[in-house]
Amino acid sequence: MPRKRALEAAEQTRLQRALLVPGASESAARTIWNIARDDAPVGRTTAQRVGAEALWPAQAVFELLELPSVEGGPVSFRCANFQSLMQYLCAQSSTYAAALRAAVVAAPGGLLQTLLYHDEAIGGNVLAAAKPKKMSLFHLSFKSMRPALSDEVGWVCIGCIQHHEASRVDGGLSAVIAAALRALYCAESLEGFQVQLPDGSAPLQLRLAPSAWLVCDMDAQRASFGHKGSSGFRPCLTCTNLVKRDAGLSDDFFVSFEQCDLSRCERAPDADVFATLDEVRALTRRKDVEAFEKSSGFNWHPRHLVFDRTVRWRLPPSQSSHDAMHLYCTNGCASWEIARFLTALRNQGVKRETLATACLQSSWQCHGRAGAFLAGLWDARLFNEDDTLYKGSAEQTSAVVVFLSFFIGRFLLARGLCPPECESFACLAEVLRWIRVLRFSWEPAGAARCQKLSELQSGHLSAFLAAYGADALRPKHHGRHLLAESALALGWLT
């Protein structure tokens, strides 16, 4: 191999571009570079230095924040400086700068209302017993950046923390989110600042609205607000009179999951919720605190977001929205009903293998996919042992719902097989169809469209109860009823 030599400026620029290719590790990029440029090979140290120089402008956007740990020392995590982040993104991408300008123009009064999203990601071997690379990633976008919200490029990462580090924080992930909100809603963000645009036009004035919305699944919502969720007496974050099924309360004021009429669910204003939660500060006995946690549905900790008076109004509980994908198609209502429906068919002599064969022989076209995608929908590994869950991805779950609804209309109804189950599944398919209309339509989700979603979901719940009974209901069957409200408030379906 030729002797390694110092890189010229032009070569260093090309190597930086190679090291920043998405999906390619630093070592893989260096190996390919050395194969293509065997006359000028690059060593590991040089590649690391060049890569660090390429990443430095992006890394400089993030600041190191420290929080107290349960052991007494500090826990550090990275969070973006909002002003630096916006300036960096606009300098790097004229497309993002144009989208940001459009969002400012569309925002009421020019105030950008932030949308926050966080979820876990695992690097390395996802099946390993220990997952040291498991992280929580926090993303941000804007309510008025509607056309770009359905694409991941419309969301930018504003922070991250390793899972084992978050568990060390005094107050857990909720305290981390509170700290990130304090950093985001600094004086400069609220008073406004100017961002230089790459096209040389007039600077863009950015100013944040005083509060954010959280788009999340149920696990993220529980972690964010310190809420007990389905394990608590009050499983819903915002419905004050919704209680778990075995609560043993006879008062008509309280309702359970099988309630189809959402108007019976009471919502307390955020101010009343915070005032009630603050009563725990006067309790001194652990027994009284535990009783308060049970009745309120929140775990008491002074650093949890809902108990932190300095920042809780930046993200109040009423501005938290579940996303339709997790509610329905990722370990959600559709995932469970697919399994239950297939069990009902099997009891009538219709095997899963028969459905798979019919699917493959029906010449279905699924988003231009080949037959391998259709065959993969029926992989035995996607069905758990007790046939209570379809474990496919959101895309696979949606495709199975479409096929089974076609199968119902084409074969089952004429033969009179499983009429209540068929009715429930047909209602589910219509709900998912309307969700697709709301998610991908360019028109805002107005009152009429959101009302139709509520009616379709209530109709499905009634049919589901007739087919499977109240014992089959889970918290997500209630949580989905809040989709229409958040869609109306946001102008689009999450």
Side-chain angles (χ1 to χ4, degrees), residues 53-67 76-118 137-149 151-161 175-215 224 305 308-316 319-320 489-492:
E53 292 175 356
L55 292 173
W56 169 247
Q59 292 174 340
V61 168
F62 290 84
E63 300 172 339
L64 193 65
L65 302 184
E66 290 189 346
L67 291 173
S76 302
F77 75 101
R78 294 282 179 179
C79 186
N81 177 287
F82 180 66
Q83 183 174 356
S84 300
L85 176 65
M86 291 296 103
Q87 185 61 70
Y88 172 78
L89 290 173
C90 289
Q92 293 293 313
S93 172
S94 58
T95 302
Y96 188 86
L100 186 60
R101 183 198 293 276
V104 171
V105 172
L111 295 179
L112 291 170
Q113 185 162 46
T114 54
L115 302 177
L116 302 177
Y117 176 84
H118 73 88
L137 300 172
F138 308 97
H139 293 82
L140 171 145
S141 191
F142 304 104
K143 177 182 174 181
S144 53
M145 198 181 276
R146 172 65 185 93
L149 291 176
D151 196 313
E152 63 180 18
V153 299
W155 297 80
V156 295
C157 182
I158 62 168
C160 63
I161 186 170
V176 174
I177 293 172
L181 286 169
R182 273 191 292 272
L184 175 63
Y185 286 94
C186 60
E188 291 80 7
S189 300
L190 294 171
E191 294 171 3
F193 58 88
Q194 290 187 337
V195 172
Q196 302 298 322
L197 299 179
D199 59 3
S201 59
L204 188 62
Q205 182 74 18
L206 295 188
R207 185 182 173 196
L208 292 184
S211 63
W213 271 79
L214 177 67
V215 179
S224 300
L305 176 60
D308 190 335
R309 293 168 174 167
T310 66
V311 75
R312 63 189 181 186
W313 280 104
R314 301 301 182 199
L315 185 58
Q319 292 181 191
S320 171
L490 290 172
W492 57 281

Exercise for review: Could you pull out the closest heavy-atom pair between Ala103 and Ser144, with the gap in Å?
Suggested key: O-OG, 2.8 Å
Practice item. Give, for atom CG of Leu214 and atom CG of Leu305, the distance between the pair rounded to the nearest 0.5 Å. Key: 9.0 Å
Study note, to complete from the structure: Tightest non-hydrogen contact, residues Cys90 and Leu197, listed as SG-CD2, 4.3 Å
Point to revise | Heavy-atom closest contact (Pro316 atom, Ala212 atom, distance) | key: CD-O, 4.4 Å
Exercise for review: Answer yes if the side chains of Thr114 and Tyr185 hold a donor-acceptor pair under 3.5 Å, and no otherwise.
Suggested key: yes
Check your understanding: Quick one: are Leu116 and Leu181 in side-chain contact, heavy atoms under 4.5 Å?
Key -> yes
Exercise for review: Kindly compute the distance separating OH (Tyr117) from CG (Leu140), expressed to the nearest 0.5 Å.
Suggested key: 14.0 Å
Revision key, fill the gap. Ala209 and Leu190 have their tightest heavy-atom pair at O-CD2, 4.3 Å
Check your understanding: Would you say the side chain of Tyr96 lies within less than 4.5 Å of the side chain of Met145, judging by non-hydrogen atoms?
Key -> yes
Review point. Any donor and acceptor pair, going by atom type alone, linking the side chain of Ser141 with main-chain N or O of Gly154 inside 3.5 Å?
Key: yes
Exercise for review: Taking the side chain as every heavy atom from C-beta outward, state whether Arg182 and Thr310 have any pair of such atoms under 4.5 Å apart.
Suggested key: yes
**Study point:** Spacing of Phe193 atom CZ and Gln205 atom CD [to the nearest 0.5 Å]
**Key:** 8.5 Å
Exercise for review: Specify the closest pair of heavy atoms between Ala179 and Leu67, including all atoms of both residues, with the distance to one decimal.
Suggested key: CB-CD2, 3.7 Å
Check your understanding: Where is the tightest heavy-atom contact between Ala58 and Tyr88, given as atom of each residue plus distance?
Key -> CB-OH, 3.5 Å
Point to revise | Check: Trp313 main-chain N/O paired with Ser211 side-chain donor or acceptor under 3.5 Å | key: no
Practice item. Decide yes or no for Leu112 and Leu100: does some side-chain heavy atom of the first lie under 4.5 Å from some side-chain heavy atom of the second? Key: yes
Review point. Do Leu115 and Leu490 come close enough that some side-chain heavy atom pair is under 4.5 Å?
Key: yes
**Study point:** Approximate separation, where rounding is to 0.5 Å, of Gln319 CD and Gln113 CD
**Key:** 5.5 Å
Check your understanding: Can you name the residues that form a side chain to side chain donor-acceptor pair (under 3.5 Å) with Ser201, not counting sequence neighbours?
Key -> Arg101, Asp199
Check your understanding: Less than 4.5 Å apart, any side-chain heavy atom of Pro210 and any of Arg314?
Key -> yes
If you look only at distance, which donor and acceptor atoms sit under 3.5 Å apart when one is on a side chain in residues 76-86 and the other is two or more places apart or in another chain?
from, atom 1, to, atom 2, distance (Å)
Asn81, OD1, Gln83, N, 3.2
Asn81, OD1, Ser84, N, 3.0
Asn81, OD1, Ser84, OG, 3.2
Asn81, ND2, Glu63, OE2, 3.0

Check your understanding: Knowing that exactly one of Val311, Leu315, Leu208 qualifies, which makes a side chain to side chain contact (heavy atoms under 4.5 Å, CB included) with Leu184?
Key -> Leu208
Exercise for review: Apply side-chain contact (heavy atoms from CB on, under 4.5 Å) to Cys157 and list each qualifying residue two or more places apart in sequence or on a separate chain.
Suggested key: His139
Exercise for review: Would you please test Trp155 and Leu149 for side chain to side chain contact (heavy atoms under 4.5 Å, CB included) and show each step?
Suggested key: CA-CA 7 Å; Trp155 297 80; Leu149 291 176; 4.0 Å; yes
Review point. Between Gln87 (side chain) and Gln196 (backbone), is there a donor-acceptor pair under 3.5 Å?
Key: yes
Exercise for review: Tell me, yes or no, whether the heavy-atom count around Glu152 atom CD, taken from other residues, nucleotides or ligands under 6.0 Å, exceeds 12.
Suggested key: no
